Amino acid sequence: MPDIFSIVGSALNAQDSRMGVIAANLANVDSVTPAGGTPYRAHEVVFEAGQVADGEVSGTDLAAGDGDAGDTGVTVAGTVLSNAPPKQTYDPTSPFANAQGYVTGSNVNQADQMVDLIDSSNSYSASVAVLQQATRVDQQLISSIQVA
Amino acid sequence: MQIQFLNLYNGVMNVREERSALIANNIANADTPGFKAQDVSFGAALATQLASPDAPVGPQYRASATVALDGNDVSLDGERIEAAQNAEQLSASATFLHQSTSDLITALRPNPSGT
């Protein structure tokens, strides 16, 4: 069983990369592509419950004989691209317009991304709360070992 | 172990530690598609621990959880409450253990009144 700190660490890493992807999407919300180019598509990270790699202590502690090699922590399994249709705006004067006068933008939905950002931020603060709680309990455990 | 309360607190704190790791894992996987929250029943796990301290504590899925469209059934607020409760109870048992140990040491002293 890996310790609570590596679990929380994996969660913070995962949420951090999710927020990074959301930031990239929001930055590209108004990107346009020239006619015939590939428009920017919104990325979305996919999480996966995974084994936390506890580097320096591998094999020496409970991990070998514990029996429950269950999934612990979270890892980023990869990113998927949104299949939403790209935004088409009618602007014949633009140098990026196609033959019909439409400019192809990205398929990022700004509201969706903001909701995703709030969700991610909530999960992040929950993990931070767990970290603070674990630290507090650990300190108390250490101080209760001292017997007068 | 001959000293009974050490045995008991060993079991209690083992189960509490296990629970805290499981709850942290649930919170970490709050956005993982298809993940099901896990927890151990404290009473059953403690009974197993006291009977054989080396036996692993078997995690169970939550029975009455609401499953989201992506197959995830973690309730972030529910898990935070469980985490807070578990942490409080872990510190409480640490306090009790501390108290019992100091009582024992006081009893072992040749002259409890000091000097």
Side-chain angles (χ1 to χ4, degrees), chain A residues 1-15 18 44-52 62 65-77 80 116 119-120 122-148, chain B residues 9 13-14 16-38 40 54-59 70 72 74-106 108-109:
Chain A
M1 188 180 74
D3 66 325
I4 196 161
F5 295 103
S6 50
I7 296 175
V8 171
S10 75
L12 295 183
N13 264 331
Q15 296 296 345
R18 185 177 170 203
E44 195 185 341
V45 291
V46 180
F47 291 161
E48 180 184 56
Q51 196 71 51
V52 172
L62 289 170
D66 200 17
D68 65 347
D71 291 334
T72 38
V74 61
T75 53
V76 176
V80 289
D116 225 24
D119 188 43
S120 182
N122 267 342
S123 305
Y124 192 93
S125 42
S127 292
V128 172
V130 170
L131 182 62
Q132 287 170 337
Q133 205 170 51
T135 318
R136 187 175 58 78
V137 170
D138 275 4
Q139 276 168 354
Q140 207 193 340
L141 287 182
I142 290 168
S143 64
S144 70
I145 289 171
Q146 301 176 331
V147 178
Chain B
Y9 286 120
M13 286 162 88
N14 267 342
R16 291 270 172 232
E17 290 277 359
E18 168 89 20
R19 274 203 76 198
S20 67
L22 282 172
I23 293 169
N25 191 37
N26 291 343
I27 291 178
N29 282 291
D31 301 311
T32 306
F35 181 83
K36 301 279 184 281
Q38 297 177 341
V40 286
D54 297 328
V57 192
D70 63 356
N72 187 300
V74 178
S75 149
L76 204 55
D77 301 315
E79 297 296 337
R80 286 181 74 161
I81 290 169
E82 290 290 338
Q85 224 166 31
N86 192 57
E88 280 312 315
Q89 280 159 338
L90 180 54
S91 8
S93 42
T95 312
F96 290 143
L97 173 61
H98 180 67
Q99 190 59 51
S100 304
T101 320
S102 351
D103 288 351
L104 183 70
I105 284 171
T106 309
L108 285 174
R109 285 217 173 96

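Order of the sequence lines sets the chain letters (A, B, ...), proteins ahead of strands, with each chain counted from 1. For clarity, every value in this text was computed on a predicted model and none was experimentally measured.
Of the atoms belonging to A/A126, heavy atoms from both backbone and side chain fall under 4.5 Å from chain B.
Qualifying side chain to side chain donor-acceptor pair (under 3.5 Å) partners for A/D138, counting only residues two or more places apart in sequence or in other chains: none.
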Can I get a per-line list of side-chain donor-acceptor pairs under 3.5 Å for residues 84-94 of chain B, giving both atom names and the distance, sequence neighbours left out?
from, atom 1, to, atom 2, distance (Å)
B/N86, OD1, B/R16, NH1, 3.1
B/N86, ND2, B/R16, O, 3.0
B/E88, OE2, A/R136, NH2, 3.4
B/Q89, OE1, B/R16, NH1, 3.3
B/Q89, OE1, B/R16, NH2, 3.3
B/S91, OG, A/Q140, OE1, 3.2
B/S91, OG, B/A87, O, 2.7
B/S91, OG, B/E88, O, 3.4
B/S93, OG, B/Q89, O, 3.0
B/S93, OG, B/L90, O, 3.0

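Residues A/N13 and A/S10 bring no donor and acceptor atom of their side chains to less than 3.5 Å of each other.
We find the CD1-CG distance between A/I7 and B/L22 to be 7.5 Å, quoted to the nearest 0.5 Å.
Ranked by heavy-atom pairs under 4.5 Å with chain B, the list A/S127, A/S123, A/A134, A/A77 is led by A/S123. The candidate with the highest count of non-hydrogen atom pairs below 4.5 Å against chain A, out of B/N26, B/D70, B/D31, B/I27, is B/D31.
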